[in-house]
Protein chains: 2
Amino acid sequence: MHLPDKTIERLSQYRRNLLISLSKGKTHIFSHEIAELLHITPVQVRRDIMLIGYNGTLRKGYDVKALIDLIGNIIDTEEGQNVCVMGLGNLGKAIIKYLCGKRPKLKIVACFDTNKEKTGRLYADIPVFDAEELTEKVKTMNIAIGIITVPFERASETANRLVNAGITGILNFSSKPLNLPGHVYLEEYDMITSLEKVAYHTKEK
Amino acid sequence: MHLPDKTIERLSQYRRNLLISLSKGKTHIFSHEIAELLHITPVQVRRDIMLIGYNGTLRKGYDVKALIDLIGNIIDTEEGQNVCVMGLGNLGKAIIKYLCGKRPKLKIVACFDTNKEKTGRLYADIPVFDAEELTEKVKTMNIAIGIITVPFERASETANRLVNAGITGILNFSSKPLNLPGHVYLEEYDMITSLEKVAYHTKEK
DNA sequence: TTTATATTGTTATTTATTTAACAATTAATT
DNA sequence: AATTAATTGTTAAATAAATAACAATATAAA
Ligand SMILES: NC(=O)c1ccc[n+]([C@@H]2O[C@H](COP(=O)([O-])OP(=O)(O)OC[C@H]3O[C@@H](n4cnc5c(N)ncnc54)[C@H](O)[C@@H]3O)[C@@H](O)[C@H]2O)c1
Ligand SMILES: NC(=O)c1ccc[n+]([C@@H]2O[C@H](COP(=O)([O-])OP(=O)(O)OC[C@H]3O[C@@H](n4cnc5c(N)ncnc54)[C@H](O)[C@@H]3O)[C@@H](O)[C@H]2O)c1
C-alpha cells in the first residue's frame, strides 16, 4: 500500500491529537472534529482515513482508540525503533531532553560526539559515546534511525558514518544537503529556510 | 509576481550555497552545478530562476553575485526584519545561539518568557523580557516576526499575544496547530512528525 | 569562417495533491 | 414505521508541482 508523504505527516498529527481526545474521555470522533483540531478540511481527513483502509461507523464517526492503534501500526514497528543523536551540541541536547519518554516506540538510546569532554558520560540518562564507536553500538543497541545535529561541515561525513553503520533512516538538521544511497530514507529540516520563508511571506503581506 | 512556496524554499537554499561558492571565488555557475549542490535537477533550478525573472548568460551560466543579490531582494526587506523568540527553554536557547549573527537581515532582537527567573537579563546578548511587555517591545523594537518555543499548552495564547502585538509572521515549533487570522503568515514545524515520517519510511524499506 | 556542442528559457506533459460532488446508509425523530 | 438529517466512503474534477522536451543561440573547436 502506497501512502502519500503528506498523508503520513497528517496521520502523525491525527494520532497526537486523537490521544489528547482519548485522554479527555472521547470514544468516537467525526471527520469534521478531527479537521477542526488540525485546521484542515473534513474531506482531507476522510480521504486519509480511507487510504489507510479504516472504516468508521456512519453517523457515529471513528472509534478513537481503534484509529490511534491503526495509525500506530502504520507508522511504528511492533517492537519500536531505536534512535541515536549525532552531535551533543545545543540542538542535540534540546532534542534529547524533548524526546525522552515522549514516544515509546521511538526511543533515543544513544548519542555520539567527537569531543572527548562530552563522551563517556550520560546526558539526560542517555549514554554519550565517541563517534568512533558508532558501528559497534548501532549493532549492539539495535539502532535504526539517526538524527544529525553536528555542524554543517561535519554533516556529510557523519551521514556516511551512519549509512556505513547500517542506519536506514536519517533526520538531518544541519542544513547541509546530503546525497545518500537509495535504500536510506532522508528527511531534511532546514530552520534558516523556514525562517526565510516566514520573512518572505511577512514582507509580501 | 506569485512564487510557489517550494520555489521560495529552494531559493533560500540556492542563496546559502551560492554564498559558499562565491566565497570560494566562483563568479559564474551553471544550472547543473547548482543542481548538484542541492541534489535536485537542473531543470528545476532553471525554472525557479526563470520564475524570479533572472537571466543567465548562454554558455556562461548565472552570475553568482547577481543571483545572490536578486534572491536577497525577494526574501528580505531592504532594512531587514526583526525577530523575537517566545519561550527561553532548551529549544529557544539553542535557536538564539544558532541564529545570532547568522542572517543580518533577520536579527533576533528580543526574547520573552513568563518565568521571572529568566527575565530581566541577557541571554547570549539578547534581552529577555517578561511576556507582558510584548506589545510595547514589538512597537519600540520594530519586531515583525515571532518564533514560538513555549510548551504545547501555552502555544495558542502566545500566538494570540503575538498577533495582538502586531506581529504578522510566525514560526511555530510547539506542535500545536494554530488558527490565526488571514493576514498573519504561519509556518509550522513539527519535529515529532518529521521523526515519525522517518520511522514510517525506515520501516517500509 | 563554419560547424558542433553546451546551455539557457520556456512551453507542454506528467505526476502528485487537494477539493468538490454525491450516492449510500445509519441513527435519531416524528 | 416512516421520515429526516447527518455522515461516511469514493469517484471525479481542479490545482499545484515536477519533469520532459526542445527551440534558440553563444561559445568553443575545427
Ligand atoms: N542550535 C539550533 O537551534 C539549530 C537550529 C537549526 C539547525 N541547527 C544545526 O544543527 C547543527 C548543530 O547545531 P548546534 O547549535 O547544536 O551546534 P553545536 O556547535 O552546539 O553542536 C555541535 C556538536 O557536534 C559535535 N560534533 C562535531 N563534529 C562531530 C562529528 N564528526 N561527529 C559527532 N559529533 C560531532 C560537537 O562536538 C558539538 O558537540 C548545525 O549543523 C546547525 O546548523 C542548529
Ligand atoms: N526541545 C526541543 O528540541 C524541541 C523540539 C521540537 C519542538 N519543541 C517544542 O518547543 C517547545 C519548547 O520546548 P523546550 O524543550 O524548549 O521546552 P522548555 O520547557 O525547555 O521551555 C519552554 C519555555 O517557555 C517558557 N514559557 C512558558 N509559558 C510561556 C508563555 N506563556 N510565554 C512565554 N514563555 C513561556 C517557559 O518558562 C520555558 O522557559 C515545546 O512546545 C516543544 O514541543 C521542542
Side-chain angles (χ1 to χ4, degrees), chain A residues 1-14 18 21 26-64 66-67 70-71 74 177 182 185-188 193 197 200-201 204, chain B residues 1-14 18 21 26-64 66-67 70-71 74 177 185 187-188 193 197 200-201 204:
Chain A
M1 170 181 52
H2 167 78
L3 293 174
D5 245 39
K6 291 294 171 73
T7 293
I8 297 294
E9 290 176 21
R10 283 188 297 266
L11 288 175
S12 161
Q13 286 158 14
Y14 296 159
L18 287 172
S21 298
K26 209 166 170 56
T27 61
H28 288 78
I29 194 164
F30 295 125
S31 62
H32 66 260
E33 291 177 301
I34 299 180
E36 247 164 63
L37 293 174
L38 275 81
H39 310 121
I40 59 176
T41 67
V43 183
Q44 182 112 80
V45 174
R46 291 207 300 280
R47 211 171 193 296
D48 286 335
I49 290 177
M50 181 194 81
L51 289 176
I52 64 176
Y54 182 73
N55 278 276
T57 313
L58 204 37
R59 306 245 6 197
K60 269 180 79 183
Y62 303 98
D63 182 304
V64 177
L67 190 48
L70 179 55
I71 295 175
I74 288 168
Y185 179 81
L186 172 65
E187 174 82 18
E188 312 241 18
T193 290
K197 217 167 138 191
Y200 167 79
H201 285 285
E204 291 297 297
Chain B
M1 169 183 52
H2 167 78
L3 293 174
D5 246 38
K6 292 295 172 74
T7 292
I8 297 294
E9 290 177 21
R10 283 188 296 266
L11 288 176
S12 160
Q13 285 157 14
Y14 296 160
L18 287 172
S21 298
K26 211 163 166 57
T27 60
H28 288 78
I29 195 165
F30 295 124
S31 62
H32 66 261
E33 291 177 300
I34 298 180
E36 248 164 64
L37 292 172
L38 274 83
H39 310 122
I40 58 175
T41 65
V43 183
Q44 182 112 81
V45 174
R46 292 207 299 278
R47 213 172 189 298
D48 287 334
I49 290 177
M50 181 193 82
L51 289 175
I52 63 175
Y54 181 73
N55 278 278
T57 313
L58 202 39
R59 305 240 11 189
K60 268 179 80 182
Y62 304 99
D63 183 305
V64 177
L67 190 48
L70 178 56
I71 295 175
I74 288 168
Y185 179 81
E187 174 82 17
E188 312 241 18
T193 291
K197 218 168 138 191
Y200 167 78
H201 285 285
E204 291 298 296

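Note: hydrogens, waters and symmetry copies are ignored here, and every other heavy atom, side chains too, is used. The chains referred to below are lettered A, B, ... by the order of the sequence lines, with proteins before strands, and numbering in each begins at 1.
Closest approach to the B/Lys60 side chain among C/dT18, C/dG9, D/dT27 is made by D/dT27 (side chain taken as heavy atoms from C-beta onward). When distances run from any side-chain atom of A/Val43 to the nucleotides C/dT18, D/dG9, C/dA20, the shortest one goes to C/dA20. When each of D/dA20, D/dT11, C/dT11 is scored by its nearest atom to the side-chain atoms of A/Met50, the top-ranked nucleotide is D/dT11. Comparing D/dT27, D/dA18, D/dT8 against the side chain of B/Arg10 picks out D/dA18 as the nearest.
You'll find the side chain of B/His201 reaches within 4.5 Å of the side chain of A/Asp5, heavy atoms only.
Spacing between atom CD of B/Gln44 and atom C1' of D/dA16 amounts to 13 Å, rounded to whole angstrom units. To the nearest angstrom, P of D/dG9 lies 13 Å from CZ of A/Arg47. Atom NE2 in B/His32 sits roughly 17 Å away from atom P in C/dT5 (whole-Å rounding). Spacing between atom CD1 of A/Ile29 and atom P of D/dT8 amounts to 10 Å, rounded to whole angstrom units.
Counting atom types as modelled, A/Arg46 pairs no side-chain N or O with a base atom of D/dT7 as donor and acceptor under 3.5 Å.
Within the model, atoms CD1 of A/Ile40 and OG of A/Ser31 stand 10.0 Å from one another, a figure rounded to the nearest 0.5 Å.
Contact annotation for B/Ser31: backbone-only contact, meaning every heavy-atom pair under 4.0 Å involves sugar-phosphate atoms and none involves a base.
Of the residues near DNA chain D, A/Ile49 and A/Arg59, the one whose nearest nucleotide (by heavy atom distance) lies more toward the 5' end is A/Arg59.
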